[in-house]
There are 2 protein chains.
Amino acid sequence: MASAPMDMTIIQGDCIETMAGLPAKSVDLIFADPPYNLQLGGDLLRPEGSTVDAVDDAWDKFDSLGAYDQFTRAWLTEARRILKDDGGLWVIGSYHNIFRVGAALQDAGFWILNDIVWRKTNPMPNFKGTRFTNAHETLIWCAKSEKARYKFNYHAMKALNDDLQMRSDWSIPLCTGAEREKVNGRKAHPTQKPEELLYRVLLACSEPGDMVLDPFLGSGTTGAVAKRLGRRFIGIEREEAYIAVAERRIAASRQVEMDALEISRGRRAEARVPFGALLETGLITPGTPLMDLKRRWRAQVRADGSIALGKEAGSIHKIGARAQNAPSCNGWTFWHTETAGKLQPIDMLRERYRTEHLSA
Amino acid sequence: MASAPMDMTIIQGDCIETMAGLPAKSVDLIFADPPYNLQLGGDLLRPEGSTVDAVDDAWDKFDSLGAYDQFTRAWLTEARRILKDDGGLWVIGSYHNIFRVGAALQDAGFWILNDIVWRKTNPMPNFKGTRFTNAHETLIWCAKSEKARYKFNYHAMKALNDDLQMRSDWSIPLCTGAEREKVNGRKAHPTQKPEELLYRVLLACSEPGDMVLDPFLGSGTTGAVAKRLGRRFIGIEREEAYIAVAERRIAASRQVEMDALEISRGRRAEARVPFGALLETGLITPGTPLMDLKRRWRAQVRADGSIALGKEAGSIHKIGARAQNAPSCNGWTFWHTETAGKLQPIDMLRERYRTEHLSA
DNA sequence: ATCTTAGCTGAATCGTGCA
DNA sequence: TTGCACGATTCAGCTAAGA
């Protein structure tokens, strides 16, 4: 129950102006669900405030696309400014707008990491039978630049998917039933996103305590899931009516207990153990023979933690690579010791070292 | 240059120049598989040490995003000119290029009708564990303009999908095995598309006798399927080696009787539900204790869908097996939640997930 | 002949930390 | 900034060889 009210902020206002007031490099993750209906002339204002004015069809369409692009570039510019260098940006859209958004964020220097398909299990049919049932929406996940580092909880995603790598297509139902926010019995927001979708995004690309921003808050799904997962949150929304819904909803959301927020981390997060530490603690002794699983090569442990194979000596990794004539090798899993005729990877010894010497 | 029947033509040359020589409004359907501009780095190694056979061909290299955009605008301009007013344009791509292509074709006046996701049933994994498995490609289907009429064989698509409307996500395997064109035992083209994909496109958006154009012919999949379905065809390809493959392939393709259409793939088996989906939907919450029927073991659910038993964490199946010291375990029936003193297998929650979220 | 298993491969923007 | 050592990391389907 760590999340204090101060960690969950909703700001009423225009998303571009509001983001302009936030400090640079202060946000870990941005999830954006921008408007995509290009025909809503009233929704699309030129930066100087004038309304898009239709002249004839062709001109109007060009002008609408251009105005939408300008709007997209403007909010992406602010998003980029307030995003930390290792932060992530997610945008969701449909074929009406996602190609323009994707091109604009590439132009702005963002580096696409994946496009994700939200495959709706229960989409609305195409009633007229004139096209394919539009059964998905597209999300783009990107880092701040080509070389930028970014957060990705690979093992948590794998755990969430029954120990198979999480794919770029996600089958998730539409937000319906009890989860759908209602006002006077009618849906409170036309495009409320399912919490399952945001749960996956936030679990994949942020950690507890991170600052998450949603510049197009709407009914507040991102805020509700951020609170549930112990993330800090800022939501920006222009419409007072939506803010009322989101505030009520986020207030009702409950953070899960902190120790349940633990996720699978994988070996990269574990303390590094030099092979030599096994010798220093007597878990392995100089002179011990090492061999690969098929006993094709046989090396010998030396007192300084190097191993010798024929005339060559070096680290468990280097000699493993040399033996196979491979560019690299994980010596921990390649080399084995033999006990009573059974082979055991030296990684088991590293495991023992960690529990016996590093646990406390 | 031309292959057997007069209406199957392959032209060697640059696609823009060649299209410029074709008459205006002469083509019913264009299927384009342009270079993706992948921008790959160095070699990529699989975990076991082998190297991924990457697309490193010169034809996929562009100096900049701007150069790629210019190329895209140029071929789209010619495509637009030679397309009949009620013709259709399909383009396939990945996140590397598809957003630029989509924006460019909207700018050129094309009207997007659907974006289609080719969901690969057997994609290459992400070997380094750095991103989501890139498991799909995207196709854009558009008409010549907003008001243009276009061809769509709605009932053929519905029949192909067990009398359900064809959706915008198509599950189709990669082109492998006997279908994959080989030269000297090696793949003839790095990006050969599966015939199932083109079959669906051509069946949906053209009729027998229509003129189909593929400006980036490659190994000739579009031509082979066009012939099979009794469509006329023009393919354009720059590389002589690919033309040789495509000519041989198209020559071997046989037109089918139109009533002998390939049977549609049945609906997939009952959807697999990852344990993590229960968390995403709130059917179970992080921190919930799980126990076996005899309450001998007690584990705790974590936010990523793994469960923790003592110091160990992993999938419901793995931890169930570990607890009993068994080689395997069905976690769905082994683990239970407790409500008012009564134990209930988590399989009941999976059942609820299926009825509440996957039924429609 | 039939079953099992090892091996290979597919449009891929595929690492981190310290000296 | 660059260089180098450490050592993390894979799914489905087909094919050919072995049992």
Side-chain angles (χ1 to χ4, degrees), chain A residues 86 106 110-115 142-143 145-147 149-150 152 154-155 158 161-168 265-270 272-276 294 305-306 314-318 320-321 326-335 346-347 350, chain B residues 33-57 59-62 65 92-98 118 120-138 171 173-180 182 185-187 189-194 216 218-219:
Chain A
D86 66 346
Q106 286 181 307
F110 287 101
W111 190 250
I112 299 179
L113 299 165
N114 279 114
D115 59 335
C142 50
S145 69
E146 177 177 359
K147 304 296 181 192
R149 312 182 51 147
Y150 56 90
F152 180 54
Y154 172 75
H155 287 92
K158 197 171 170 179
N161 192 37
D162 282 355
D163 283 336
L164 288 179
Q165 285 192 340
M166 187 69 82
R167 299 168 38 117
S168 58
R265 285 284 171 199
R267 300 158 99 172
R268 271 199 190 110
E270 302 232 36
R272 200 179 70 85
V273 176
F275 182 65
K294 295 184 179 171
S306 65
S315 73
I316 53 172
H317 314 294
K318 191 181 290 181
S328 68
C329 167
N330 183 343
W332 292 108
T333 51
F334 180 74
W335 294 111
I346 57 176
D347 202 27
R350 179 170 64 164
Chain B
D33 182 7
Y36 289 7
N37 190 24
L38 285 186
Q39 303 177 249
L40 302 179
D43 279 356
L44 176 62
L45 296 181
R46 300 167 192 268
E48 95 282 359
S50 67
T51 305
V52 171
D53 184 11
V55 177
D56 55 359
D57 306 76
W59 49 255
D60 196 48
K61 299 201 190 316
F62 293 82
L65 286 177
I92 183 168
S94 66
Y95 66 83
H96 310 85
N97 71 323
I98 198 66
W118 168 26
K120 302 176 184 180
T121 59
N122 51 351
M124 188 163 73
N126 182 293
F127 295 115
K128 301 295 188 190
T130 55
R131 305 179 178 188
F132 298 96
T133 304
N134 189 9
H136 73 277
E137 293 186 22
T138 301
S171 292
L174 291 169
C175 179
T176 59
E179 187 186 327
R180 188 86 192 201
K182 301 269 169 48
R186 294 167 54 181
K187 58 184 175 189
H189 190 281
T191 70
Q192 182 179 343
K193 298 295 177 289
F216 307 95
S219 61

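Values below: all heavy atoms of this structure, side chains included; hydrogens, waters and symmetry mates excluded. In what follows, chains carry the letters A, B, and so on, assigned in the order in which the sequence lines appear, proteins first and then strands, with residues in each chain numbered from 1.
Take Y154(A) and apply the ring pair (Phe, Tyr, Trp, His ring centres under 6.0 Å) test, not counting sequence neighbours, and it matches no residue. For F334(A), the ring pair (Phe, Tyr, Trp, His ring centres under 6.0 Å) test picks out no residue, with sequence neighbours left out.
Using a 4.0 Å heavy-atom distance criterion, E146(A) is classed as making no nucleic acid contact. Residue contacts for D53(B): at a heavy-atom cut-off of 4.0 Å it reaches the sugar-phosphate backbone alone, with no base atom in range.
As rounded to whole Å, 15 Å separates atom C1' of dC11(D) from atom CE of M166(A). Look at CD1 on I98(B): it is 17 Å from C1' on dA12(C), rounded to the nearest Å.
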So which protein N/O to nucleotides 16-18 of chain D N/O distances come out below 3.5 Å?
none

Under 3.5 Å, which protein N or O atoms sit close to an N or O of nucleotides 14-16 of chain C? Give each pair with its distance.
| from | atom 1 | to | atom 2 | distance (Å) |
| --- | --- | --- | --- | --- |
| dC14(C) | O4' | T130(B) | OG1 | 3.0 |
| dC14(C) | O2 | N126(B) | OD1 | 3.0 |
| dC14(C) | O2 | F127(B) | N | 3.3 |
| dC14(C) | O2 | K128(B) | N | 2.5 |
| dC14(C) | N3 | F127(B) | N | 3.2 |

What's touching nucleotides 12-15 of chain D from the protein side, N or O pairs under 3.5 Å?
none

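Nucleotides dG10(C) and dC6(D) are separated by 29 Å at their C1' atoms, to the nearest Å.
Interface remark: the R350(A) side chain does not form any donor-acceptor pair with the dG7(D) base, using a distance-only criterion of under 3.5 Å.
Paired regions of DNA chain D, where each region holds three or more successive Watson-Crick or G-U pairs whose two hydrogen-bonding distances fall under 3.5 Å, are C:2-10 with D:11-19, C:15-19 with D:2-6.
Comparing dA8(D), dT9(C), dA11(C) against the side chain of W59(B) picks out dA11(C) as the nearest.
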